[in-house]
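First up is the structure itself, then whatever we jot down about it.
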Amino acid sequence: MSLAEQALSYVRAISPYQPGKPITELAREMGLPVERIVKLASNENPLGMSPKARQAVEAAIAGIERYPDQFELIAKLAGRSGVEPKQVVLGNGSNDVLDLVARVFLAPGRSAVFAQHAFAVYPLATLSTGAELIATPAKNYGHDLDAMRAAIRPDTRIVWIANPNNPTGNFLPYPEVRAFLETVPRDVVVVLDEAYNEYLPPAERVDTAAWIAEFPNLVVTRTFSKIYGLAGLRVGYALASADVADLMNRVRQPFNVNNLALAAAAAALDDSEFVDASYELNRRGMAQIVARLESKGLEYIPSYGNFVTFRAGDGAAVNRKLLEQGVIVRPIGGYGLPEWLRVTIGSEPENARFLEALEQAL
Ligand SMILES: *Cc1c(COP(=O)(O)O)cnc(C)c1O
């Protein structure tokens with residue numbers, strides 16, 4: 001028997017995550033200079049990082065010989081979210097905290113519920129524990145909460161919800177999420193992934209952290225990778241009841257977030273100017289791209305994130321033609337949407353480059 005055959009069968013059955021194509025990879029493949037390439041494939045912030053965060057990173061280089069101390073960032077997040085510091089769990093990106101929840105509550109013989117077309121990390125986190133994944137059919141490309149509620153079995157321990165969802169951009173109004181929480185058994189954890197929360201129009205935002213006192217089975221996750229522009233530093237966090245946070249911390253690597261990332265995240269939280277500018281740029285860029293999709297008669301899913309998913313026809317073929325022109329978007333055949341492509345909202349000139357290339361590609 002080969003060594004690979006000795007591996008856990010549920011690990012061997014996992015299909016690997018497919019990240020957005022890196023700029024340098026396309027440059028090598030197409031022989032294009034890096035500067036000619038526009039990457040709108042991973043929902044990264046076109047404004048880069050906050051200048052305050054950059055300064056904090058530079059300052060934190062002095063002290064890099066020391067192990068990180070999470071105290072300050074946790075205190076800040078707790079203060080802003082209105083929870084106790086012991087309710088905050090930091091992650092090496094929010095993917096890390098999703099994994100921590102899975103490791104605390106899932107194992108072979110247990111199950112987790114997620115929605116068709118929802119974020120790819122939920123299947124990964126679930127299947128890597130040996131638990132069974134229950135996928136419910138999407139409703140208008142988004143989560144069907146009634147179907148998800150009905151899919152909960154006695155062995156179900158986690159329900160994964162992305163709001164807004166990636167890659168479809170769907171948003172569940174918060175009264176619906178709350179009504180769902182009221183019907184879910186209290187021994188089932190509901191993970192509410194709010195990676196795009198800061199892109200929501202103010203009228204839609206709700207302080208979900210305040211719900212944890214009432215629903216101790218609620219885990220809210222957020223990230224510094226999207227509007228805060230720190231995807232490469234890897235910082236995210238979970239807000240949970242103190243008991244759940246304590247359990248997550250037991251399986252967390254003690255130093256899972258590095259010094260530079262901690263410093264950058266703490267500074268980024270204070271730079272509301274940068275967050276506001278990022279929000280505005282996204283709002284305008286979304287209008288720019290959606291207007292053109294509409295004028296071309298291309299179907300798209302109205303999005304509450306910093307990306308929009310549109311029906312390209314043969315997604316793989318259109319994607320190839322975009323790549324040939326140095327434009328990287330995200331094919332989402334792996335999400336069961338082979339006719340669709342997801343494009344991240346970039347800067348105004350990046351969006352224009354994408355729209356020109358799309359014109360050629362169709
Ligand atoms: C981007 C994204 C995340 C964040 O991932 P990080 O690990 O924090 O970079 C989490 N959830 C969803 C739905 C996302 O799209």
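Read the numbers this way: they start at 1 and go in the same order the structure lists the ligands and their atoms.
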Fill in: ligand 1 N/O within reach of D193 N/O, cut-off under 3.5 Å
yes
Output side-chain donor-acceptor pairs under 3.5 Å for residues 259-269, partner residues at least two apart or in another chain, one line each.
unit_1	atom_1	unit_2	atom_2	d
N259	ND2	G63	O	3.2
N259	ND2	R66	O	2.9

Discussion item. Starting from V329, can I reach L355 by hopping between I/L/V/M/F/W/Y residues whose side chains sit under 4.5 Å apart?
Written reply: yes
Response to the item:
Honestly, for S94 the part within reach of ligand 1 (heavy atoms, under 4.0 Å) is both
Discussion item. Could you tell me, atom by atom, which parts of ligand 1 come under 4.0 Å of a heavy atom of A195?
Written reply: 2 (C), 3 (C), 10 (C), 11 (N), 12 (C), 14 (C)
Worksheet item: Would you say E176's side chain and P173's backbone share a donor-acceptor pair under 3.5 angstrom?
Response: no
Discussion item. At under 4.0 Å between heavy atoms, is it the side chain or the backbone of N95 that contacts ligand 1, or both, or neither?
Written reply: both
Discussion item. At less than 4.0 angstrom from any non-hydrogen atom of K226, what atoms of ligand 1 do you find?
Written reply: 1 (C), 2 (C), 3 (C), 4 (C), 14 (C), 15 (O)
Discussion item. I'd like to know if the side chain of N166 pairs up with that of R342 as donor and acceptor (distance under 3.5 Å, no hydrogens or angles considered).
Written reply: yes
Worksheet item: Using heavy atoms and a threshold below 4.0 Å, how should the contact between F224 and ligand 1 be classified: side chain, backbone, both, or neither?
Response: neither
Worksheet item: Does the separation of the ring centres of Y174 and F171 fall below 6.0 angstrom?
Response: yes
Practice prompt. Look only at interatomic distance and state if N43 has a nitrogen or oxygen under 3.5 Å from any nitrogen or oxygen of ligand 1.
Written response: no
Worksheet item: For atom 7 (O) of ligand 1, what's the nearest protein heavy atom and its distance?
Response: R234 NH2, 2.7 Å
Discussion item. Would S225 count as a polar contact of ligand 1, with the cut-off being nitrogen or oxygen pairs under 3.5 Å?
Written reply: yes
Discussion item. For Q253 and D96, which I'm curious about, is there any donor-acceptor pair between the side chains at under 3.5 Å?
Written reply: no
Fill in: Listed partners of E359 passing salt bridge (Lys or Arg N to Asp or Glu O under 4.0 Å), at least two apart
R292, K296
Worksheet item: With atoms numbered from 1 as shown, which atoms in ligand 1 lie under 4.0 angstrom from a non-hydrogen atom of N166?
Response: 13 (C), 14 (C), 15 (O)
